[in-house]
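Counting convention: from 1, in listed order, for ligands and their atoms alike.
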Amino acid sequence: EACRILQKGGLVAFPTETVYGLGGDAMYSEASAKIYAAKGRPSDNPLIIHIADMEHLDKIVEEVPEAAHKLAEAFWPGPLTMIMNKSDAVPHGTTGGLDTVAIRMPSDPIALELIRQGGGYVAAPSANTSGRPSPTTAQHVYEDQGKIPMILDGGAVTIGLESTIVDLTEEIPTILRPGYISLEMVQAVLGEAKMDKGLISSDSNIHPKAPGMKYRHYAPKAPVTVVTGPAEASARTIEQLAKPGDGVICFDEFADRFDQQTVECLGPSRDKRIQAQRVFDALRTFDSK
Ligand code: TXA
Ligand code: MG
């Protein structure tokens, strides 16, 4: 039934291993237009096309660079998105007007089956309302997208952060959005790769290349103060900043320092995998409290 909805140009939210996606037929501009409307997303912010089989890549790109073969071999299906020059088959309505296209092959079996039976090319941003934290459960999707025709519930996702985006249209492959797959992992496969200057530069005149990184994103309704640095030092800073009644998101080992606050634990400070799984959920949990 979900595939029929896609084939008729409708939207279906579905689980992937990273976050839930809001899917529509990528080759049909009107479906993409519905995605932008449902998310309240600026139409110059391009969508990722999800595929389920390598043979489907050729139709949507001008050519498949050697680096794409290597990265696909290493990380697909999985949490990696690659940017290549698009073919004429891909409507500009899906790419936010760009001549490049972002492509990912997810590993979640429900996602793969939906893509295969739903036409082969599913455009899907994270299923949150534009600007909100990404959804890691079907319930999160329902909070933001209660009006779409169908949400497939695959339980809580396993990774919990969006895919890493690598731009292969530059001379040196460039990470435009950090994610589960690190720069070092990409370098290990390709030899050479770098971070987008717009992500790491302290010069605010250098903008990120991925349009979505320019806009306010991952924002819960409540104001948030982010404390960065080594775990113990950060916990001490939070102790100084947190007022009674505030919400605190911290690592497990510091939870009992905050008896005047409501606490959401991110897992142990050493376990980044669990932290990734929990961070969006923690932000949303505070909103609902
Ligand atoms: O893990 C994920 O990637 C999830 C799941 C559903 O697959 N999808 C996702 O999509 O995070 P979305 O739309 O929330 O984020 C896509 C990002 C945006 O920052 C967008 O600007 C960037 O990818 N992007 C897409 N196409 C691009 C292109 N041709 N050039 C540069 N950036 C692009
Ligand atoms: Mg998103």
Taking 4.0 Å as the limit for heavy-atom contacts, which would you say applies to I83 with ligand 1: side chain only, backbone only, both, or neither?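 Near ligand 1, I83 shows its side chain, while the N, CA, C and O stay back.
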[X] and [Y]: side-chain donor and acceptor closer than 3.5 Å?
X: H140; Y: N128; value: no
X: T18; Y: R104; value: yes
X: S163; Y: R177; value: yes

Are any of the N/O atoms in [X] less than 3.5 Å from those in ligand 1?
X: E162; answer: no
X: T18; answer: yes
X: Y20; answer: no
X: L176; answer: no

Nearest-neighbour protein heavy atom for [atom], which is reported as residue plus atom name and distance:
atom: atom 19 (O) of ligand 1; answer: G212 CA, 3.2 Å
atom: atom 14 (O) of ligand 1; answer: S126 OG, 2.9 Å
atom: atom 24 (N) of ligand 1; answer: P46 CG, 3.7 Å

Notebook entry, point to check: Ion pair present between K70 and E192, side-chain N to carboxylate O less than 4.0 angstrom?
Noted result: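 No salt bridge links K70 with E192.
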Give a yes or no on whether a salt bridge exists between R270 and E253, defined as a side-chain N under 4.0 angstrom from a carboxylate O.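 Looking at E253 together with R270, the answer is no, because their closest N to O distance does not fall below 4.0 Å.
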Is the closest heavy-atom distance from A124 to ligand 1 below 4.0 Å?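 Within the 4.0 Å threshold, so yes.
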Give a yes/no on ligand 1: does R41 have at least one heavy atom closer than 4.0 angstrom to it?
->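 Contact present.
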Are the side chain of S87 and the backbone of K59 linked by a donor-acceptor contact shorter than 3.5 Å?
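Yes, the answer is positive, given that a donor and an acceptor are paired below the 3.5 Å cut-off.
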- Message: Tell me if a side-chain donor or acceptor on N85 pairs with a main-chain N or O of E62 at a distance below 3.5 Å.
- Response: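 It does not hold such a pair.
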Distance filter under 4.0 Å to [X] heavy atoms, resulting ligand 1 atoms:
X: N45; answer: 18 (C), 20 (C), 21 (O)
X: I48; answer: 3 (O), 8 (N), 9 (C), 10 (O), 16 (C)
X: L98; answer: 28 (C), 29 (N), 30 (N)
X: H50; answer: 5 (C), 6 (C), 7 (O)
X: I165; answer: 17 (C), 22 (C), 23 (O)
X: T100; answer: 28 (C), 29 (N), 30 (N)

Taking everything shown except K194 itself, do over 12 heavy atoms lie less than 6.0 Å from its NZ?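 Enclosed: over 12 neighbouring heavy atoms sit under 6.0 Å from NZ of K194.
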Less than 4.5 Å apart, side chain to side chain, heavy atoms only: is that true for V101 and T94?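 No - every pair of side-chain heavy atoms lies 4.5 Å or more apart.
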Worksheet item: If you measure from atom 3 (O) of ligand 1 to every heavy atom of P135, G96, S163, which option wins on shortest distance?
Response: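 The option holding the nearest heavy atom is S163.
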Are L6 and I115 linked, directly or through intermediate hydrophobic residues, by side-chain heavy-atom contacts shorter than 4.5 Å (ILVMFWY only)?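 Cluster IDs for I115 and L6 match.
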